[in-house]
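Structure, as structure tokens:
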Amino acid sequence: MIAVRDLGVSRGGMPVLAGVQFALSSGEALVLRGPNGIGKTTLLRTLARLQPPLCGEILGDVDDIAYAAHADGLKLTLTVDENLAFWARVFGGGDPEAAIRAFDLASLRDRPAGGLSAGQKRRLSLARLMVTGRRLWILDEPTVSLDAASVQLFASTIRSHLAAGGAAIMATHIDLGIEGRVLDLAPFKAKLPAFDADDAGGFL
Amino acid sequence: MIALLVRDLRLAFRAGGGFGLGLAFFLIVTVMVPFSVGPNSDTLSLIAPGILWLGALLACLLSLDRLLALDWEDGSLDLLATAPLPLEGVLSIKALAHWLTTGLPLVLAAPVLGVLLNLPAGGYLWITLSLLIGTPALSVVGTFGAALTVGLKRGGLLLSLLVMPLYVPTLIFGAEVARRGASGMSVETPLLMLAGITLGTIALLPFASAAVLRVNLR
């Protein structure tokens with residue numbers, strides 16, 4: 001579904017990762033691990049084609065991808081229903097009812113998103129993925145501010161998405177209990193050009 | 001596309017959405033001018049078309065920094081950029097929503113406020129028509145400016161400075177249509193120039209806006 005060959009990504013003009021390789025077919029999940037600042041978000045944004053890669057290539061159809069960022073991307077003055085219905089219409093994909101059931105949002109549907117707690121907003125933002133109808137989910141820290149029960153809801157949603165032939169790439173530090181490969185990004189850290197002390201000497 | 005337009009309009013009309021901000025500013029400017037210039041009705045009717053145009057332009061400018069910044073702050077701009085809509089289309093719709101919530105109310109309010117400025121009787125048609133033709137260009141150019149400054153915190157000042165020179169042709173020809181109309185002269189040339197500028201910006205600028213927004217989202 002997506003394959004990445006010798007990919008290098010940069011943040012703010014500085015290379016952060018180099019030589020990343022993996023391939024993912026339908027029904028598989030890939031979990032990205034690595035310390036803070038290693039470039040997980042940058043890699044995910046590159047995979048979602050929000051920024052161009054520094055080198056290497058990404059194979060796969062961009063129209064398969066649904067991206068969920070750190071930010072929830074909700075409109076606080078719109079209700080839960082209106083938020084979901086908007087994305088369902090934009091993507092022309094799934095059924096908002098199924099998403100509302102899957103993330104247990106039925107009792108909140110007429111509340112404005114601004115009145116939700118952080119965890120409830122997160123659930124709504126994850127429910128958005130279901131209405132996109134896209135096969136490859138790219139998730140950046142999807143479980144932030146979720147409680148244990150909501151993490152289980154999310155894990156079972158991912159499982160049924162994978163069972164239905166979807167795929168997911170996520171950056172997360174907690175164990176969701178999903179069979180998936182883990183890609184540790186630490187070995188792909190880009191080597192910065194050596195700092196030349198003599199050159200900098202005249203400068204300091 | 002329609003879904004995005006409906007969402008933007010709905011957001012504008014909800015609490016805190018900013019609908020009426022430009023209109024209130026326009027009202028304040030035109031109401032205050034007679035106080036500052038003095039009640040001499042000859043002076044007022046002379047400057048009325050220019051004041052109405054300047055007020056509309058500044059009111060439009062005031063609402064520009066909300067145009068994309070709100071979507072950028074809450075992350076929905078990233079999501080829209082990965083959605084199946086072309087970014088050019090997204091920005092055209094955003095400009096249209098901005099015009100419907102800011103430009104169109106100004107067009108409708110201008111003849112009413114013209115009374116306060118003692119606008120000559122022949123001028124009402126032309127001030128309304130010139131604003132109707134000119135304000136879409138203000139929204140489209142403003143969207144370009146908003147796309148340029150979207151990543152910047154408190155980018156409002158830079159946005160105003162960037163957009164201001166781009167507004168000058170519209171202001172010149174728009175105010176000229178209104179001035180000539182008010183004094184009973186032929187308006188054909190400035191009206192055609194005004195319409196040409198508006199059509200040109202609508203046709204070309206969304207592509208430039210989308211290109212700079214892609215760079216800014218990196």
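In what follows, chains are A, B, ... by sequence order, proteins preceding strands, each numbered from 1. Reckoned from all heavy atoms, side chains included, excluding hydrogens, waters and symmetry mates.
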(message) If I measure from the heavy atoms of chain B, does A/R11 come under 4.5 Å with its side chain, its backbone, both, or neither?
(response) neither

(request) Taking heavy atoms only and a threshold strictly under 4.5 Å, list by residue number the residues of residues 85-112 of chain B that touch chain A; give 'none' if the list is empty. (result) B/L85

(request) With a 4.5 angstrom heavy-atom cut-off, could you sort out which part of A/L74 is near chain B: side chain, backbone, both or neither? (result) backbone

(request) Could you please state which residues from residues 78-86 of chain A sit under 4.5 angstrom from chain B, measuring non-hydrogen atom to non-hydrogen atom, sorted by number, or 'none'? (result) A/L78, A/T79, A/E82, A/F86

(request) Flag yes if more than 12 heavy atoms outside A/M14 fall under 6.0 Å of its CE atom; otherwise flag no. (result) no

(request) Return the minimal non-hydrogen interatomic distance between B/A83 and A/R134, and the atom names on each side. (result) C-NH2, 4.3 Å

(request) Report yes if some heavy atom in the side chain of B/D74 is under 4.5 Å from a heavy atom in the side chain of A/D72; otherwise report no. (result) no

(request) Identify which of B/R10, B/R214, B/E73 forms the greatest number of heavy-atom pairs closer than 4.5 Å to chain A. (result) B/R10

(request) To the nearest 0.5 Å, tell me how far A/K75 NZ sits from B/D71 CG. (result) 3.5 Å

(message) Between A/R128 and B/L79, is there a side-chain heavy-atom distance shorter than 4.5 Å?
(response) yes

(message) Using only non-hydrogen atoms and a strict under-4.5 angstrom cutoff, which residues of residues 22-59 of chain A touch chain B?
(response) A/R45, A/A48, A/L50, A/Q51, A/P52

(request) Could you pull out the closest heavy-atom pair between A/R89 and B/A3, with the gap in Å? (result) CB-CB, 3.7 Å

(message) Testing the basics here: between B/G75 and A/A71, what is the closest heavy-atom pair and its distance to 0.1 Å?
(response) CA-CB, 3.8 Å

(message) Around atom CH2 of B/W126, are there more than 12 heavy atoms from other residues, nucleotides or ligands closer than 6.0 Å?
(response) no

(message) I need the contact set between residues 99-118 of chain A and chain B: heavy-atom distance under 4.5 Å, sorted by residue number.
(response) none

(request) Give, as side chain, backbone, both or neither, the part of B/I2 having an atom under 4.5 angstrom from any heavy atom of chain A. (result) both

